[in-house]
Asks: 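I am attaching a structure below and will ask some questions about it afterwards.
Lettering follows sequence order; numbering is per chain, from 1. It should be emphasised that the depicted structure is a prediction, and the values quoted were computed from it without experimental measurement.
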Number of protein chains: 2
Amino acid sequence: MQLDERKYLILQAIIDDYIMTAMPVGSRTISRKSGVGFSPATIRNEMSDLEELGYLAQPHTSAGRVPSNKAYRLYVDHLLKAAKLTSDERERMHEHLVDKSRRVEGVIRSAADVLSDATKYTSVIVAPKLGTLRIKHVQLVPVSEKTALIIIVTNAGIVKDAVIRVPGGLSADELYSISRMLTEKLAEKPLEAVRQEFAELLRNNAENRRLLGEALQVIEKKLESEDQADVIIGGSANLLGYPEYADVNKARNFLAVLESKDTIRRVLSRDGSMEVTIRIGPENQVPALNDCSIVTASYRVGDRSNGTLGIIGPTRMNYNRVISVLDFMGRALSDVLSEYK
Amino acid sequence: MQLDERKYLILQAIIDDYIMTAMPVGSRTISRKSGVGFSPATIRNEMSDLEELGYLAQPHTSAGRVPSNKAYRLYVDHLLKAAKLTSDERERMHEHLVDKSRRVEGVIRSAADVLSDATKYTSVIVAPKLGTLRIKHVQLVPVSEKTALIIIVTNAGIVKDAVIRVPGGLSADELYSISRMLTEKLAEKPLEAVRQEFAELLRNNAENRRLLGEALQVIEKKLESEDQADVIIGGSANLLGYPEYADVNKARNFLAVLESKDTIRRVLSRDGSMEVTIRIGPENQVPALNDCSIVTASYRVGDRSNGTLGIIGPTRMNYNRVISVLDFMGRALSDVLSEYK
DNA sequence: GTTAGCACTCATCACCCTCGAGTGCTAACG
DNA sequence: CGTTAGCACTCGAGGGTGATGAGTGCTAAC
């Protein structure tokens, strides 16, 4: 059996309706809908076919039909007609993004808020992967007799810091000249080159071996391990408004997943194309999110590094809306952040 | 009518039981309890008195009794016997705190996790108020032709950064000497003094007026406005496990409050004594949290600045446990963070 | 002052019934 | 032959009922 024009039309009508109402859709409902000029009986026959093909499911006999994941896949691949945001909306979103604190993290934070606000789902943004970043500046700042703060600034304007021990008796000036040397040696180099440079530095700087060793360790750790703080989530309470999460247990599970940012990052950073990508239900590989869909896009900071922004919601998601919002915000975020660079 | 010894005993038994079960407590239950050697009938008379005095309430006739906020107040003020944490527990908590990233924010983050883990409620930590902090170091780092990152390190090891514009043609060295001058002038000064110094600087440095003006603006803003990111929340999903939040709407409201960090900070930063303070229900002045209790303690970073750590849970909270955990963690956090100083 | 006994209250739960939405099938229609 | 009307059937939701049991308040006896 093949899908003909009419089956597409009916399937689309069912999905559209289900996305709006979250209630199983009956033949009468579709029949009444403008654009589908058939009687309920005819629709029923078609629905029966669609069920056999795996696009629809019945919660129980005598309930309406509900779209399957397969149906959603077909929907987003073929049936979706791109929705435009009104210029009014675009403007409002952009505004919110710009007038916030001039710190990179602040911009990302408010981007998450804008996203969850505009879609009413939960938004997630992963900061740019540091692996693709370059070091711009390294600075040691004394904080006590025996400790100093090491501050690493990357080309995306992201700042990492950590406390390291320093041998006693090092003056602020000496720390500065070490900072300066480090900056000089490491700036604009990717991580592998940083390692090499360091090996060399360690060889040639016997007197500061300990300090440099510790500094390298920190830099490596900071650049490799992506920090928990680098996943930013907005509107975590939004999903509780949907009937899918009327059950408190489901809600709790969902929130628990959000708190383990490792999982989130793993799911989000699957690929880095600028295109909007959609993962429906089990496609996202995380059992706990099997009845969620995840829609992601990317944003660029400067020329090389990029991060991911996404929306998590029930599979019964307003894909149309979400896609256009993400598409727009991906570009907007890239623009705003690249100005800083 | 006055509260005699026996009424105290019974009230305490009721509250203890209710805290554990969340079910209205009947006279039989209390009678059976070891330590109270009276028959249900006697207990009933006492309970009736306690109800008249406003310490107990009945959800409906023929249900057991439930403690009122007034009862909780009495409970925490007079009836609570300090519980000790096992040394095993203390050790485990301390360990979690220490082995984490050496960044200040990282420590606070994991402290929040430890808190919510140990209590099964929602934990909140407010970073030290910057108003009481001193500047330790100021650094300008060029990020592009016309912009630079200004990094402010405080004596608590907290780092603030922002992007500012710089006049074209300023070399890295010039930026460094400006940094150096700023550090020299501003270090160890409280905010008011910073303003004065700046006025002077602006007078004497006509050529860099624009840059300095912008820098001052940023420093003032960062030191005054307390950033959204400075409120850290752990275990937001924990409360969903309690019957008080079986209703999804209540859960959503609660989570919405957590997301508006302004509210949280307002509630938490009421006072700064090192003592554990408890606010029950309406005492916390936030209508949305009227059936929550908030228990807070303080921690010190270095000598002057301090932050607040707290637990938010239902008024039916295990105060005993929460108080001892907070007390311990307040000290532990102070220790760990002050080492950095 | 304390307690046993008893009538009374009220939430909860299982059960049953009805109602209505929706289906599948069949037969009639164009 | 595709489409549609008609009809019996299914099943969940919602509402009413009665039994159950936890708990109370009162009274009288200890």
Side-chain angles (χ1 to χ4, degrees), chain A residues 1-11 13-18 20-33 35-68 71 243-244 246-247, chain B residues 1-11 13-18 20-33 35-68 71 243-244 246-247:
Chain A
M1 198 172 352
Q2 263 303 42
L3 289 180
D4 56 19
E5 201 50 41
R6 195 168 73 185
K7 283 192 173 57
Y8 277 126
L9 193 65
I10 291 175
L11 186 57
I14 292 174
I15 297 179
D16 282 338
D17 191 90
Y18 186 67
M20 284 186 36
T21 65
M23 304 281 287
V25 187
S27 51
R28 241 180 73 88
T29 319
I30 299 304
S31 169
R32 270 200 308 260
K33 214 166 194 165
V36 189
F38 297 98
S39 80
T42 310
I43 311 275
R44 277 206 289 283
N45 289 329
E46 295 288 30
M47 284 166 97
S48 179
D49 290 352
L50 285 169
E51 182 168 1
E52 206 175 319
L53 289 165
Y55 291 106
L56 294 178
Q58 266 183 306
H60 57 86
T61 4
S62 96
R65 255 86 168 196
V66 161
S68 67
E244 279 87 347
D247 178 13
Chain B
M1 197 167 3
Q2 262 301 42
L3 289 181
D4 56 19
E5 201 51 41
R6 196 168 71 185
K7 283 194 172 57
Y8 277 126
L9 193 66
I10 290 175
L11 186 57
I14 292 173
I15 296 179
D16 281 338
D17 191 90
Y18 186 66
M20 283 185 37
T21 65
M23 304 282 286
V25 188
S27 51
R28 240 180 75 86
T29 319
I30 298 304
S31 169
R32 270 200 309 260
K33 214 168 195 165
V36 189
F38 297 98
S39 81
T42 311
I43 311 275
R44 277 207 288 282
N45 289 329
E46 296 287 32
M47 285 166 97
S48 180
D49 289 354
L50 285 169
E51 183 168 359
E52 206 174 320
L53 288 164
Y55 291 106
L56 295 179
Q58 265 184 305
H60 56 88
T61 4
S62 97
R65 255 86 169 193
V66 162
S68 67
E244 278 87 346
D247 179 11

Asks: Excluding sequence neighbours, so at least two apart, what forms side-chain hydrogen bond (donor to acceptor under 3.5 Å, both in side chains) with A/S68?
Replies: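 A/S68 satisfies side-chain hydrogen bond (donor to acceptor under 3.5 Å, both in side chains) with no other residue.
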Asks: What is the distance from CD1 of A/I43 to C1' of C/dG22, rounded to the nearest Å?
Replies: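 Rounding to the nearest Å, CD1 of A/I43 and C1' of C/dG22 are 14 Å apart.
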Asks: Rounding to an integer number of Å, can you tell me how far A/R65 CZ sits from C/dA21 P?
Replies: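 Interatomic distance, CZ of A/R65 to P of C/dA21: 18 Å.
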Asks: Below 4.5 Å, heavy atoms only, C-beta onward: do B/D49 and B/L3 meet side chain to side chain?
Replies: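 No, their side chains stay 4.5 Å or more apart.
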Asks: Taking side-chain hydrogen bond (donor to acceptor under 3.5 Å, both in side chains) as the definition, give me every residue that meets it alongside A/R28, ordered by chain and number, with sequence neighbours left out.
Replies: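 Here no residue qualifies.
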Asks: With side chains defined as the heavy atoms from C-beta onward, is the minimum distance between B/R65 and B/S48 less than 4.5 Å?
Replies: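 With C-beta onward as the side chain, the pair touches.
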Asks: Name all residues meeting the side chain to side chain contact (heavy atoms under 4.5 Å, CB included) criterion together with B/S62; count only those two or more places apart in sequence or in a different chain, and write none if there are none.
Replies: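 B/S62 satisfies side chain to side chain contact (heavy atoms under 4.5 Å, CB included) with B/H60 only.
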Asks: Hey, where does DNA chain D pair up into stems, meaning at least three consecutive Watson-Crick or G-U pairs with distances under 3.5 Å?
Replies: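 In DNA chain D, stems of three or more pairs: C:1-30 with D:1-30.
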Asks: Under the side chain to side chain contact (heavy atoms under 4.5 Å, CB included) test, which residues partner A/N45, sequence neighbours left out?
Replies: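 Here no residue qualifies.
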Asks: Which pairs, protein N/O on one side and nucleotides 10-13 of chain C N/O on the other, fall under 3.5 Å?
Replies:
residue: C/dC10; atom: OP1; partner: B/T61; partner atom: OG1; Å: 3.1
residue: C/dC10; atom: O4'; partner: B/S62; partner atom: OG; Å: 3.3
residue: C/dC10; atom: O3'; partner: B/H60; partner atom: ND1; Å: 3.4

Asks: Would you please name every residue forming a side chain to side chain contact (heavy atoms under 4.5 Å, CB included) with A/T61, sequence neighbours left out?
Replies: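 Residues passing side chain to side chain contact (heavy atoms under 4.5 Å, CB included) with A/T61: none at all.
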Asks: Under the rule for side-chain hydrogen bond (donor to acceptor under 3.5 Å, both in side chains), what residues qualify as partners of A/S39, not counting sequence neighbours?
Replies: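 Counting only residues at least two positions away or on another chain, A/S39 forms a side-chain hydrogen bond (donor to acceptor under 3.5 Å, both in side chains) with A/T42.
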Asks: Can you name the side chain to side chain contact (heavy atoms under 4.5 Å, CB included) partners of B/A57, sequence neighbours left out?
Replies: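 Once residues adjacent in sequence are excluded, B/A57 has no partner under the side chain to side chain contact (heavy atoms under 4.5 Å, CB included) criterion.
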Asks: Does A/E46 have any side-chain hydrogen bond (donor to acceptor under 3.5 Å, both in side chains) partners at least two apart in sequence or in another chain, and if so, which?
Replies: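 Scan of A/E46 (side-chain hydrogen bond (donor to acceptor under 3.5 Å, both in side chains), adjacent residues dropped) gives A/R6, A/K7.
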Asks: Find out whether A/T29 and A/I14 are in side-chain contact, i.e. whether some heavy atom of one side chain is under 4.5 Å from a heavy atom of the other.
Replies: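 A side-chain contact is absent here, since even the closest heavy-atom pair is not under 4.5 Å.
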Asks: Given that B/F38 and A/A41 both sit by DNA chain C, which one's nearest nucleotide is further toward the 5' end?
Replies: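 In this pair, the answer is B/F38.
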Asks: If I take atom OH in residue A/Y18 and atom C1' in nucleotide C/dG22, what distance separates them, rounded to the nearest angstrom?
Replies: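 Atom-to-atom, A/Y18 to C/dG22, this comes out as 16 Å.
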Asks: Chain B on DNA chain D: first and last contacting nucleotide, 5' to 3', under 4.0 Å to a heavy atom?
Replies: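 That gives a stretch of D/dA22 to D/dC26.
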Asks: Please report the distance, rounded to the nearest Å, between CD in B/Q58 and P in C/dT9.
Replies: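 Between P of C/dT9 and CD of B/Q58: 14 Å.
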